[in-house]
Protein chains: 2
Amino acid sequence: MEDLKYCYKYPHPAVTADCVIFGFDGVSIKVLLIQRGIEPYKDRWAFPGGFVRMDESVEECAKRELFEETGLKSASVEQFYTFSDVNRDPRERVITVAHYALVKISEVCGGDDAARAQWFSFDELPPLAFDHDRILRVALTKIKERICFEPIGFELLPEVFTMPELQNLYEAILGVKFDRRNFYSKMRKLEILTQVGERPAGTSSRIPILYRFNPTKYAELKNRGFRLEF
Amino acid sequence: MEDLKYCYKYPHPAVTADCVIFGFDGVSIKVLLIQRGIEPYKDRWAFPGGFVRMDESVEECAKRELFEETGLKSASVEQFYTFSDVNRDPRERVITVAHYALVKISEVCGGDDAARAQWFSFDELPPLAFDHDRILRVALTKIKERICFEPIGFELLPEVFTMPELQNLYEAILGVKFDRRNFYSKMRKLEILTQVGERPAGTSSRIPILYRFNPTKYAELKNRGFRLEF
DNA sequence: CCTTATAGTGTCATTTCGACACAAAATTAA
DNA sequence: TTAATTTTGTGTCGAAATGACACTATAAGG
């Protein structure tokens, strides 16, 4: 018999923090999953996550687990929903605060810490542990909502990117197609992009222009209040 | 010494569900608070809420506590954020899943169950217990975001209401002023309002037209996908 | 009875949105 | 090598939406 040394007058649920990690490879959105090494759901794929310690908030827990299990240090870890169905974990009552993180996919491709971590696109998802399929669906919904208020795309793209890449990202997240020319002018009007280097030729070329996200301009824009319409 | 009969191998936080209840009296937004009868923060005002039982989800808990403490049975109870700062409760580690509810203010004015419940507007708020002032600020932010996607106003207004009332509600929530005439045409174009009865006079009168929210029309609109712009 | 405040409606200029065509350079195929 | 194709960047133009604004009628208040 194990020693049960933490005792309470009333029953307490366990609390975990899980982390849905989104990446973008230039074409489609990916999710980072970890293959479980222990029961329950041994060998099934799941989101990084773990039990909340008594000296950390759930956000801190999510960041810690993210780092421990994937080596990632992402600033943009944000909770989006708390899943509390009574039987969502077969071991005991576990309530999980689900977070999402947006990372540049290059930061984790060298899987040193992340021996059992792997990127999946949505059309090749393996069966997930626990209720993680539901968590993923909710995460996607929240991301879609958020992209209309904040240019979260720039956390998914490399430092320097092209306009077609940015459009692909928006199309992949929202699941729609945009007119390329209208997307260009809309983005240019926001004035949150800085052109990097010179355009290769005089007027137009097939080599795309490189851009960088301009956080200063974005802060100004956000202060004025705005809405990204798509 | 009390009997501590629920024991675990690892420490578990307590989990509560709190409920920020919004109402609207035709002029300004109100919050329903309950005066605490016990320590800690005895006699301070707080949101209805309580500990999550092992056989209920946090949403069920929020609805149950809401009913037990105010007599309200509101369908629109929705979680919006989980607060997990380590020392937010002096008794023990308590993580709370915060919800908000939108209710018609008339449903609770007869305070039978709610002896210690009282509506407050934002400019006359008493000091709140725990971190409930922070919870309220976050709740307000979430409500503002949501009103742009769903016509939540109708859960706050009586069954039958006037256009000026509806505009006052939007202005109170978003904290801005709209041009009355533009607001009218924008609302009329949505086609989610049904006129109730006849207009008093031939062309214009000072007696406002009564409207009712049309859930069928709204469902159609929502299926098409839409955005309330303000 | 007169003044004031509020309710309803429509106009019009400006801006935005969304469909669309063209030219230049790189890639691919022949 | 040459021609066809793909990709990138930019501008136009009509339709639709936005936002400022004026007028009339009636109820309320003094």
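Here is how names work: the chains are called A, B, and so on, in the same order as the sequence lines, proteins then strands, and each is numbered from 1. Heavy atoms only: backbone and side chains are in, while hydrogens, waters and symmetry mates are out.
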At a cut-off of 3.5 Å, list every protein nitrogen or oxygen paired with a nitrogen or oxygen from nucleotides 12-17 of chain C, distance to 0.1 Å.
{"residue": "C:dC17", "atom": "OP2", "partner": "A:Lys189", "partner atom": "NZ", "Å": "3.1"}

Taking N or O atoms only and anything under 3.5 Å, show me the protein contacts with nucleotides 28-30 of chain C, one pair per line.
none

What N/O pairs connect the protein and nucleotides 21-23 of chain C at under 3.5 Å? Give each pair on its own line.
{"residue": "C:dA21", "atom": "N7", "partner": "A:Arg181", "partner atom": "NH1", "Å": "2.7"}
{"residue": "C:dA21", "atom": "N6", "partner": "A:Arg181", "partner atom": "NE", "Å": "3.4"}
{"residue": "C:dA21", "atom": "N6", "partner": "A:Arg181", "partner atom": "NH1", "Å": "2.7"}

Protein N or O to nucleotides 28-30 of chain D N or O, pairs below 3.5 Å:
{"residue": "D:dA28", "atom": "O4'", "partner": "B:Arg206", "partner atom": "NH1", "Å": "3.3"}

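In this structure, B:Glu78 does not pair ionically with B:Lys142, as no charged nitrogen and carboxylate oxygen lie closer than 4.0 Å. Using a 4.0 Å cut-off between charged side-chain N and carboxylate O, A:Glu69 and A:Arg116 make no salt bridge. Salt bridge present: B:Glu68 and B:Arg64 bring a charged side-chain N and a carboxylate O closer than 4.0 Å. With salt bridges taken as basic N to acidic carboxylate O contacts below 4.0 Å, none links B:Asp43 and B:Arg36.
Within the structure, the salt bridge (Lys or Arg N to Asp or Glu O under 4.0 Å) test picks out the following pairs touching residues 127-141 of chain B (sequence neighbours left out): B:Asp85-B:Arg134, B:Arg88-B:Asp131.
Under the rule for a side chain to side chain donor-acceptor pair (under 3.5 Å), the partners of B:Thr82 that lie at least two apart in sequence or sit in another chain are A:Thr82. Every residue meeting the ring pair (Phe, Tyr, Trp, His ring centres under 6.0 Å) condition with B:Phe130, not counting sequence neighbours, appears here in chain and number order: B:Tyr41, B:His132. For the ring pair (Phe, Tyr, Trp, His ring centres under 6.0 Å) test, no residue two or more places apart in sequence or in another chain qualifies with B:His99. A search for side chain to side chain contact (heavy atoms under 4.5 Å, CB included) contacts involving A:Arg188 returns A:Tyr184, not counting sequence neighbours. Partners of A:Phe161 according to the ring pair (Phe, Tyr, Trp, His ring centres under 6.0 Å) rule, which considers only residues two or more places apart in sequence or in another chain, are A:Phe154.
Of the candidate nucleotides D:dG9, D:dA27, C:dA26, D:dA27 has the atom nearest to the side chain of B:Ser205. Relative to the side chain of B:Tyr184, the nucleotides C:dG8, D:dC21, C:dT9 differ in distance, and C:dG8 lies closest.
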Distance-only check: which donor-acceptor pairs under 3.5 Å involve side-chain atoms of residues 208-215 of chain B, not counting sequence neighbours?
{"residue": "B:Asn214", "atom": "OD1", "partner": "B:Thr216", "partner atom": "N", "Å": "3.1"}
{"residue": "B:Asn214", "atom": "OD1", "partner": "B:Lys217", "partner atom": "N", "Å": "3.1"}
{"residue": "B:Asn214", "atom": "ND2", "partner": "B:Thr194", "partner atom": "OG1", "Å": "3.2"}

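Residue B:Leu210 contributes atom CG, which lies 12 Å from atom P of C:dA7 at whole-angstrom precision. The distance between atom CG of A:Asn168 and atom C1' of D:dT7, rounded to the nearest whole Å, is 12 Å. Nucleotide C:dT9 holds its P atom 14 Å from the CD atom of B:Gln167, rounded to whole Å. Atom P of nucleotide D:dG9 and atom CZ of A:Arg188 are separated by 9 Å, given to the nearest angstrom. Rounded to a whole Å, the CG atom of B:Leu166 is 15 Å from the C1' atom of C:dG8. The nearest whole Å value for the distance from the CZ atom in A:Phe178 to the C1' atom in C:dG18 is 12 Å. What separates CD of A:Gln195 from P of D:dT8 is a distance of 15 Å, to the nearest Å. Between A:Phe183 atom CZ and C:dA19 atom P the separation is 15 Å, expressed in whole Å.
Inter-residue side-chain proximity for B:Tyr170 and B:Pro151 is flagged as met; some heavy-atom pair is nearer than 4.5 Å.
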Dump the intermediate steps for side chain to side chain contact (heavy atoms under 4.5 Å, CB included) on B:Asp25 and B:Lys30, then the final yes or no.
-> CA-CA 7 Å; B:Asp25 65 357; B:Lys30 307 262 187 182; 3.0 Å; yes
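Of all the residues in residues 157-165 of chain B, not one reaches under 4.0 Å from DNA chain D with any non-hydrogen atom.
Annotation: A:Phe22 is not in aromatic contact with A:Phe24 [ring centroid separation under 6.0 Å not met].
At most 12 heavy atoms of other shown residues, nucleotides or ligands fall within 6.0 angstrom of atom CD in B:Glu159.
Using modelled atom types and a 3.5 Å distance limit, the side chains of A:Glu59 and A:Gln79 yield a donor-acceptor pair.
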